[in-house]
Each structure stands twice: as structure tokens, then as C-alpha cells.
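Because the structure is predicted, anything quoted here is derived from the model rather than measured. Residue numbers start from 1 in every chain, and the chains themselves are labelled A, B, ... in the order their sequence lines are given, proteins ahead of strands. Side chains included, hydrogens not; waters and symmetry mates left out as well; all remaining heavy atoms used.
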Amino acid sequence: MDKFIKLDEAVDQIKDGMTVMIGGFLGCGNPHKIIDKLVDKGVKDLTIIANDTSFVDYGLGKLVANKQVKKVITSHIGTNKETGRQMNEKETEVILVPQGTLAEQIRAAGAGLGGILTPTGVGTIVEEGKEKIEIEGKEYLLELPLSADVALIKGSKVDNFGNVYYEKSTRNFNTIMATAAETVIVEAEEIVDEINPNNVMTPNIFIDYIVGGEK
Amino acid sequence: MDKFIKLDEAVDQIKDGMTVMIGGFLGCGNPHKIIDKLVDKGVKDLTIIANDTSFVDYGLGKLVANKQVKKVITSHIGTNKETGRQMNEKETEVILVPQGTLAEQIRAAGAGLGGILTPTGVGTIVEEGKEKIEIEGKEYLLELPLSADVALIKGSKVDNFGNVYYEKSTRNFNTIMATAAETVIVEAEEIVDEINPNNVMTPNIFIDYIVGGEK
Amino acid sequence: MDKKQIKEVIAKRVAKEFSDGDVVNLGIGLPTKVANYIADDIKVILQSENGFIGLGQAPEKGKEDKDLTNAGAQPVTIKKGGAFFDSAESFAIIRGGHVDATVLGALQVDEDGNLANWMIPGKMVPGMGGAMDLVVGAKKVIIAMVHTQKGRPKILKKCQLPLTAKNQVDMIITEMGVIKVTDKGLVLTELGPEVTVEDVKSSTEAELIIADDLKKMDV
Amino acid sequence: MDKKQIKEVIAKRVAKEFSDGDVVNLGIGLPTKVANYIADDIKVILQSENGFIGLGQAPEKGKEDKDLTNAGAQPVTIKKGGAFFDSAESFAIIRGGHVDATVLGALQVDEDGNLANWMIPGKMVPGMGGAMDLVVGAKKVIIAMVHTQKGRPKILKKCQLPLTAKNQVDMIITEMGVIKVTDKGLVLTELGPEVTVEDVKSSTEAELIIADDLKKMDV
């Protein structure tokens, strides 16, 4: 099973209207090459699930700026004015989710859980429309799993089997998103022969395709 | 903050009647030295939370054999005949939990979740007394968090700050248990100066005490 | 066939269910033998629920590593490309549908795909270990077992023992044949060596539908 | 005091709330400055919600690492003994009560310890980021802010803006004083430099209980 594909082929996996998870935190750990190619190709009506919409000119925020996004599920849009503008003018639907809840919802989808109970958001507008469950006198919101058609992640090192290793603070949402999508594509910064099995952060069974790694 | 203590001092943290999590899987990744010292000291009426009760003469099963255990919350007792005997003769209470549920319950406690919904156990005796919640036509059991007074874990390498690295299949329940107890004691196989921050598996903030590391 | 041959026949047939790239979890006992029969031209990744993928064979004598065991506490090896993880992630993999197939033994299995394989009340209560999660989470649940227990059928109209999971079994492979669990009931699709359809029926309490294209079991 | 001095005073006082070994998460803006005033004789571990502990200072110019940023996308460093993790673990740490204190700014805070700091409907809706989890999960929630906004009180009887969390604030530190949130209401325990109790009261909409042992703010 050869998982290596070209950047073009990777982007071909993403069709108009799909739900796409993109790893990264304000650009750090975003799969920048895939994003740039997606912008070139102009795939549209995407639903993006990501921690944030980064910046107008850096990271996945470019997709927003290029009006390829129909809906965003995210914890923060404050660094990308275009997301805010599109939201205010009702061009793009924005669902704001607490960061820890977003992480757990994605993890829940990958882990086969029907949902998780979090105290985060109780007593705020985040609880609107959600079931509240009391456990030992404390209220929790029932938050449901969040999955995607495709997850685009960025690996600092990817081995020939598809095992992934992340450097420093690039890990963020990449690991959990790799578990929660139908198709997972990793953009490799570097291809290595093998990663020490102890240090693998995303096991190869989660990875469908590998792009990049040109040395 | 010096976290290094002697084996004796570590065991002194564990009092009669406490709830104690013990990392490991059929002995692999058990903190054997601490267990042996606990057996010597004879602390009693413990509630043990662990994947299994290992063997009569290897790993945490020794505590059962030595009649120091009042209750066990575990997924498997089949390898330790003494646990089965004590259960049948009602000397020891045994709560059997599916392994994945046990892992999620411990993780939930550490992660501040009020519970998780799992499909595991639906339609079996595991569902007795539990709330069932239907999400998109599928039934799930609401499983509650599981925490402890003390967690005893085993690290292959522990650095001077208390960061922990686990070799091979010793990781198992050690990582999650480190997040879910009031006091966490790691038995170090080897003390190292520093672990690469990328490769730390249990960050030092979870570790209260370090024992061992005699080279 | 003697007991040993029977087990080899079953293991051999189970191995044919896998495709290249499949992630598979093999239970303890008979299912473990399946690994010996996986075709050379496909790559199957074995998952070990105590925390890794890439489960390899037992090490040579003297090369055992106390830090590397399988879910049955036996010393094992890890193949190149494997990866270790903790129990939460191991069961995220299992429960999350990332295991393509699991092979398990059974005490009883029935027409609705219900499985009982973890306890006999008052007699044998080892605990379910990872079995309940595996059966619920794996994409395909294959029961690999000897057809009867001391002559008594194990494939029943309704399981009597406490269940491991409800409606999760996809197929049953025994020395007498291959049985698929369908909406219409149990369908015998392949006939084992040295037996007739009547033999299978008389060793099976559940109603058996005989497939129109019933084949000889390929072992 | 000018605006810069005011912020330094607040940051300096907040830093005194930490004990040796504390794990602390500092919000963006004013709270970030607190790091500059932590006493040399205690070790405080800073958590960065994008995925590590051991948050260090900004790197020297030219030594920035694209792979190492804080939750505000600024290049930072990691201290010896630090550790990286993913977002699920980062928020397990936060929500799970493993952060001893979080320091955040506020738009409004009220007598019940309610906090509003993430949106002004129709005007500013950046998203809550990690704030809602931090405020619910941290053992101690410290609000560090300038006492008023263009002369208007921010410490209210009841927050009017959408809440970040209910009943979670433990203390409020401004240039005018230190206010503890108690079951009986807000208690002024320390008085800021250059102000009187009457000054604080007139800049605060909420009812203030004046501590019997009211002290001068130590900055």
C-alpha cells in the first residue's frame, strides 16, 4: 500500500461542499501547501472545522478570504477580519465552539463515543439547544461528536508507513483530526525511513495519503 | 520542588481504605517495587482500580493474594485465580468494566468531563443501573468518571522535572491514571536529565513524587 | 480431523477474510493462530489492545523483552512501522471503527448475531477485558470456534449466557462451515471438509439458511 | 498613573498570587505581562493552551521557530523541563483542574463571579477560544483588568454581555484594588495606590464589602 500521492492528487480528494478538518493553531501546524493548492483550485462551499481561521494571508484563513467556505466550526475568528465580515454579512455561517469542547468533540468522533459531558459553556449561550445533564449536583452539557469527510493535517516527520511525528507546538489539533475523518491526508515536512515506535504520535493506520517530503 | 522520595516514603502515602489506581497490563508496566513494598507494609482495605489483577505472584495481583484489597474495579481477573476465589466467596468486591470504558472513565476524571457515552456494553449486564442515551438512533451508556486518592505508575524514563517516558507496551493505563488521582507517584526505571519535550508522555505537572532510579 | 487439525482448518479459513492494509485484532487462543495463515502477498496490521499496532511473532528464546508483551502477557515483537500508544488511544482505535476485523472465540452465538463469550455465571467469570469494545467497535466481527462444545451446539436460536454484545457478529467460521449473519438469519455459505449439510444442521440449534451457491470451504 | 503604569501595577500584584510549583495560564494582553513579575525564588510553570507547559520568553530576534508559538501566534521558547502535547490533552489539563490559576481580562464581571469577556453582540465576536474552558477548569480564576472602561464601571451588579462562564471568578485585580468574590459578595481586601475606598466605590457598580483588615495593595 503506497500512500504517497502528489499534491494535486491530494487536493483532488476534496470536492465542493465537503466537510474538511484542518489541523493547526493560528497557522502553526497548518498544512500550508495543501491549503495553497486548494486556494488555487478554488474548491468551494466547504465546511471547515478548525481551531481558528488564522489570518487573511496566512494559513487556512486564505480559504475564507477566497470565499471558498460556506460554514466554519471553530473556537476563534478574531485574527481573521474577513471571517468576521462574512459572518456579519451572513455570507458565511460561523459556529463558535469552546476550544476544549471542539477538541473533545473531534476526539469523540474518532474514538467512537456518542458524546461527552463538559462543564464548559454551562450558563452561557453555548448551552443553547443542548441537553444539560446533572451529575452529582453539577451541570454538564452533552456535546456530540464532530467528524469530517477529509482531514488535512501537517506532520513534521512522516515515515514510509505513514506514522507521524509533530515538532513542538505544531501538534495541536492534528492528532485528533487524524482520527475523525473518512479520508486523512498528511502534508509531510520531511519523510523519514522510520519513526521510533515509542514516539509515533499518529499511528499509520489513521493515514490514507501522504504528500510532500521533497528533500 | 524536589519530587524525589524514597520507596518507604512513597508507600507511606497510601493509607488503609484508600482508592489506588495502578498502571500496567498483566504486570507489564506495573510499578513492581512500590507494589512489593505495599505488600511488605500490609496496607489494607484498598480499593484498586487497574486493568487487571495480573497474577498471584507477579504484579499488583500480589496485593489481592495478600488480602489487602477490599474492592477491585477492573476489566479482567482471569489470570489471577485468587481474585476469582475471593469474589466467589464474597471476600472481595469485584466490579468488572469493559477495558475501553475503564480507560475512558479514568481519562474523563482527569480531563474534567462529567462522563462519556459509549456503545460498549449496550444490551449486556454492563448496562445495569446506568443511564442509556440515544443519539441519532443509536444507544449509548452514560459512563461516569473514575478517580482515585493515589495513582501508582511506572515510567521507563523519568527526568529531573518529573516528565515521564514509557517504553513499548508499558504505557497502557499509566498515562491516563497519572491525570486522575489526587496524588501521583511514579516509579522510575531510569532517571534522566531531560526528556525531549516532544517525546514526553506524561508532563511533569501530573507527577507529585518520583521513586527509584537507582542506577 | 483431530482437535489440532480442526483449529488449523478454522484459522486457515479465517485468514482469507483479510484484505491488504486491513487492521486486525486477534483474540487469545484459536484466533491467535490465524496470524500464521495470512497470505504473503497482503499486508495485515495486527493491533494489540494493550497498546500497539504492528504485533509481530514471539521473539527467539532469550530475546524476550519484559516491556513488550501482547494482551495475553506473552512476550512478542513489533514489526517495522509499528507504533505504541496508551490504553485510551488503543480503545479509541477499537471503539472508533479503525479496526477492520476482529476474530474472537465464542461460548455461544445466535441467530441475531448476539455473542456470549465472557462469562458462565457462578463458574467462570474472568471479565470481559477488551472483548466488549472489540465486538462493538470492529467493522467486521468474525467468530472463530469449534462448532460444538462436547457435542452440544454453540450456535443457538438465542444465547443463554450473559452477552458480550448484541447484534454485532458478522460471520461464524467453524470446521463445519462458514456462516454469515444476515437480516434474514444465519446463512451457510461454505461447507467444511468431511461434512454434509445435514451434519451441520444437526450440530446447529439455530435455523440455517443454505446459500444457493453453497461452496466447499477453501482450506 | 498613566495607562502603562496602571498595567504594570496590576501585573505586579497578580504575580504575587502564585506559589512555588503552580501551573498557570496567562491570557493574551495584560495578563501576559504578569510573567515578568513572578518572584525569582518560586518556580511557576506556564501553560500555553495551544499545547505545552514551560512557556518561556520570546526568542532573540532571528531565532524565531515557526513550529513554536504561543496561543497568540507569537514566537516563544520552551523552558528546560517543558513538554508538548496535543489540544485534547491541553484542555484535559485545563478542564481537569490541573491548572492552579488562570489570569484573564474582562469586559464585565459581577457580584456572582460571572464573567463576560468574549463578545459584544453585533460588534466584536472573536470567539471564546480557550477562555470558557480556562475559566471553568482552573482552580483559581483571577481577572486582571483596568478598573473602568472609559470611565464606565466594569464590575457590575450583573453582567449584561454574554457570559464566558457563570460563578467562576475568584478574584479581581485592578489598579484600584484587590477584590475577592465570596458567598457574601465582593470584598475589597486591598486598596490600590493613589485611591481611597470612596474612589473605588464610585468606580464600581457592584456592592463592595470593605474588608475589616483592608490593606494597601503591595506593588
Side-chain angles (χ1 to χ4, degrees), chain A residues 23-29 51-55 58-59 72 74-80 83-84 87-88 94-104 106-108 110-111 118-126 139 154 156 166-177 179 189 201-202, chain D residues 28 48-52 55 65-78 82-97 112-116 118-119 121-137 159 161-168:
Chain A
F25 195 113
L26 293 175
C28 181
N51 177 63
D52 53 76
T53 56
S54 66
F55 304 91
Y58 182 67
V72 195
T74 188
S75 80
H76 203 264
I77 60 168
T79 53
N80 188 330
T83 315
M87 176 177 71
N88 288 334
V94 176
I95 312 275
L96 292 168
V97 182
Q99 201 166 123
T101 300
L102 187 65
E104 284 298 318
I106 295 166
R107 182 183 181 276
T118 178
T120 303
V122 169
T124 76
I125 60 174
V126 166
E139 284 186 325
K154 166 68 183 291
S156 305
Y166 308 91
E167 278 288 341
K168 308 191 177 82
S169 62
T170 66
R171 199 177 327 176
N172 53 67
F173 280 77
N174 283 299
T175 40
I176 44 178
M177 286 179 173
T179 71
E189 186 151 331
M201 296 169 186
T202 293
Chain D
I28 292 172
S48 193
E49 69 258 36
N50 56 323
F52 59 109
L55 174 63
D65 181 342
K66 73 168 175 37
D67 290 345
L68 181 45
T69 59
N70 66 12
Q74 301 303 310
V76 290
T77 53
I78 185 169
F84 294 103
F85 31 77
D86 70 13
S87 293
E89 184 164 356
S90 187
F91 282 86
I93 288 170
I94 289 169
R95 202 192 309 98
D112 294 321
N114 296 326
L115 169 67
W118 76 283
M119 74 176 283
K123 205 171 154 190
M124 183 209 71
V125 190
M128 65 293 277
M132 285 194 180
D133 298 282
L134 276 162
V135 175
V136 165
C159 289
L161 292 170
L163 296 185
T164 306
K166 233 173 110 178
N167 310 122
Q168 297 291 340

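- Side-chain atoms of S169(A) come within 3.5 Å of backbone N or O of T69(D) as a donor-acceptor pair.
- For the pair D65(D)/E167(A), no side-chain contact is recorded, criterion being any heavy-atom separation below 4.5 Å from C-beta on.
- Under the 3.5 Å distance criterion, the side-chain polar atoms of R171(A) are left unmatched by any main-chain donor or acceptor of G51(D).
- Remark: Q99(A) CD to F91(D) CZ distance equals 3.5 Å, nearest 0.5 Å.
- For M119(D), the part lying under 4.5 angstrom from a heavy atom of chain A is the side chain only.
- If you tally non-hydrogen atom pairs under 4.5 Å between each of A103(A), G84(A), G78(A), P98(A) and chain D, the highest count goes to P98(A).
- Considering all non-hydrogen atoms of both residues, P119(A) and R95(D) come closest at CD-CD, 3.9 Å.
- For a residue to count as touching a neighbouring chain, one of its non-hydrogen atoms must lie under 4.5 Å from one of that chain's; by this rule F55(A) touches chain D with the side chain only.
- With a 4.5 Å cut-off on side-chain heavy atoms, I78(D) and K168(A) do not count as touching.
- With a 4.5 angstrom heavy-atom cutoff, V94(A) does not touch chain D via any of its atoms.
- Taking chain D as the reference chain and counting heavy-atom pairs below 4.5 Å, the highest number among T124(A), N88(A), T83(A), L102(A) is found for T124(A).
- Contact annotation for S48(D): neither backbone nor side-chain heavy atoms come within less than 4.5 Å of a heavy atom of chain A.
- For chain D, no part of S54(A) is nearby; none of its heavy atoms comes within less than 4.5 Å.
- Residue pairs meeting the side chain to side chain donor-acceptor pair (under 3.5 Å) criterion with at least one partner in residues 121-133 of chain D, sequence neighbours excluded, are T120(A)-D133(D).
- To the nearest 0.5 Å, atoms CE (M128(D)) and OG1 (T74(A)) are separated by 9.5 Å.
- Ion pairing of K66(D) with E189(A) is present here, as a side-chain N (NZ or NE/NH1/NH2) and a carboxylate O approach within less than 4.0 Å.
- Between chain D and the options T53(A), N80(A), V97(A), heavy-atom pairs under 4.5 Å are most frequent for V97(A).
- For a residue to count as touching a neighbouring chain, one of its non-hydrogen atoms must lie under 4.5 Å from one of that chain's; by this rule N172(A) touches chain D with backbone and side chain alike.
- Near-neighbour residues of residues 70-77 of chain D relative to chain A, defined by a heavy atom under 4.5 Å from a heavy atom of that chain, comprise A71(D), G72(D), A73(D).
- When heavy atoms are compared at a cutoff of 4.5 Å, A88(D) approaches chain A by way of both its backbone and its side chain.
- Most heavy-atom pairs under 4.5 Å with chain A, from the set G82(D), A165(D), S87(D), G127(D): that is S87(D).
- Of the atoms belonging to I94(D), not a single heavy atom falls under 4.5 Å from chain A.
- Contacts between M201(A) and chain D at a heavy-atom distance below 4.5 Å are absent for every atom of the residue.
- Of all heavy-atom pairs between D86(D) and I176(A), the closest is OD2-CG2, 4.3 Å.
- Of the atoms belonging to Q168(D), not a single heavy atom falls under 4.5 Å from chain A.
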